[in-house]
Visitor: 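Quick one: this structure, given as structure tokens, is what I'll be asking you about.
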Amino acid sequence: MTRADELIAKADQRDLLFGIIGLGYVGLPLAVELIKAGYRVLGFDVDPKVVAGLERGESHVKDVSHEDLQQARADDRLRATTDMSRLREPDVISICVPTPLSKFKDPDMSYIQSAGRALTKTLRAGQIVILESTTYPGTTREILLPELESSGLSVGTDFFLAFSPERVDPGNTTYQTRNTPKVVGGITPDCLRVAMACYQPAIDTLVPVSTTEAAELVKLLENTFRSVNIGLANEMAIVCDKLGVDVWEVIDAAATKPFGFMRFLPGPGLGGHCIPIDPHYLAWKMRGLNYKTRFVDLAGEVNTEMPLFWIRKVTDQLNIQSKSVRGANVLVLGVAYKRDVEDIRESPALDIINLLEGQGAEVRYHDPNVPELNHDGKVYRSVTLTPDEVRHADCVIIVTDHTNVDYDLVRQNAKSVVDTRNVLGRTSSTSP
Ligand code: SAJ
């Protein structure tokens, strides 16, 4: 029996110990799903607070309830550690670490590289390593493979290596880890076979592709698709503004086309830790091959420009009141990067606050999901949304269309409103 067959047989018997490096919004939901499928999981994280919390049965990930965690920890099937020397124990290791951008918008591969180095120290025959972090095409083959083979073991015979992009949409109650189809690509055919067998009990639909590069590109295509289409919607907002046409009416009417159209909406810009980041991984890789990914770059430019577009609208509203931006009171309504999340990473609200303060405005914010904001070394606290607070503002700019905000209170009391999400245009009630 080959090592691949041995691992597949163990997966079939659920007699595998699954290791997960990185117990965040991707790793922890995956751990819970694997345990529900009958596996045991040993989680690895560099943050002792995360490990201690999990050992106490406390979830730090919104999509994983304490009950889920308690259940997973029953009969000791979920353990967590910071001790990377224990990476020899698991038969399968999924790497779910961050892949941010450096300040020069280049891929920051440091998390993947340190996971690779830790794995090389403990790699043993009969293990499979699966990278899940979003990254540029070629990472698995060019970065991880040589690192792991520096152990002296050979891929496809001693150990196995695959790429399977995470597709977690935080807060999505319809699509979660088990029922979101999972793309898998292996360095060798046996790597693919083993990876599929390991995931199969925990994931409803697996989508094999021919190489790890194909799997890496699938994820980048998915998120670049969103960035480019959101960029088009934002450009339409600028076009309609110049033509004096209501862009929301135009998009709503276009969306009645039952085929060949997909609705995207203009907004304050692009936030989150996926969509503004992932396309830059592709652009960076292609620059190295002397190809300029013009669509990707242009969408990024249009999306990045949107905070400035909306600030001009604030200036227009203040002008109507014969007020300059300098010394004006502006209330920013919503700072999270999208509706009903508490995440502020890459949020365009941060750019809007910078631009307003840069022109001398007095800025306050209200966001029921973000009670405190640490930004550029300054601490802001969310103000309570009251008629007086709204009346105190010379202009209210709606940046995030949370459903738990009383927009009627804004409609009735604001001197002026800049509505980047067309919340007031969409609703007469209190939520979009
Ligand atoms: N946005 C717009 N207009 C739109 C849609 C989004 O301005 O029409 C803005 C949002 O406000 C946000 C940013 O773009 O600031 C990104 O929004 P998103 O809806 O793409 O949400 P994300 O960043 O949470 O993206 C995640 C991604 N999931 C993964 O990477 C696994 C993405 O692939 C999903 O398609 C997306 O969730 C989703 O569909 O909700």
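One-based numbering, in listed order, for ligands and for the atoms of each. For the single chain, residues carry numbers from 1 onward in sequence order.
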Visitor: Side chains of Asp204 and Asn179 only: does a donor on one sit below 3.5 Å from an acceptor on the other?
Guide: no
Visitor: Once ring-ring contact (aromatic ring centres under 6.0 Å, His included) is applied, do any residues pair with His273, and if so which ones, sequence neighbours excluded?
Guide: Tyr25
Visitor: Parallel, tilted or perpendicular: which describes the rings of Phe264 and Phe225, with under 30° parallel and over 60° perpendicular?
Guide: perpendicular
Visitor: Could you check Leu333, Ile397, Asp401, Thr400 and say which one makes a side chain to side chain contact (heavy atoms under 4.5 Å, CB included) with Thr420?
Guide: Ile397
Visitor: Relative to the ring of Tyr199, is the ring of Phe18 parallel (under 30°), tilted (30 to 60°) or perpendicular (over 60°)?
Guide: tilted
Visitor: Give, for atom CD1 of Ile187 and atom CD of Glu213, the distance between the pair rounded to the nearest 0.5 Å.
Guide: 6.5 Å
Visitor: List ligand 1's nitrogen or oxygen atoms that come under 3.5 Å of a protein nitrogen or oxygen, with the partner atom and distance.
Guide:
unit_1, atom_1, unit_2, atom_2, d
ligand 1, 3 (N), Leu265, O, 2.7
ligand 1, 8 (O), Leu265, N, 2.7
ligand 1, 11 (O), Tyr337, O, 3.3
ligand 1, 11 (O), Arg421, NH1, 3.0
ligand 1, 11 (O), Arg421, NH2, 3.1
ligand 1, 15 (O), Gly271, N, 2.9
ligand 1, 15 (O), Tyr337, O, 2.7
ligand 1, 19 (O), Arg226, NH2, 2.9
ligand 1, 20 (O), Arg226, NE, 2.7
ligand 1, 20 (O), Arg226, NH2, 3.4
ligand 1, 21 (O), Lys338, NZ, 3.2
ligand 1, 24 (O), Tyr337, OH, 2.8
ligand 1, 24 (O), Lys338, NZ, 3.1
ligand 1, 30 (O), Lys219, NZ, 3.1
ligand 1, 30 (O), Asn223, ND2, 3.1
ligand 1, 33 (O), Asn223, OD1, 2.6
ligand 1, 35 (O), Arg226, NE, 3.4
ligand 1, 37 (O), Asp169, OD1, 2.9
ligand 1, 40 (O), Asp169, OD1, 3.3
ligand 1, 40 (O), Asp169, OD2, 2.9

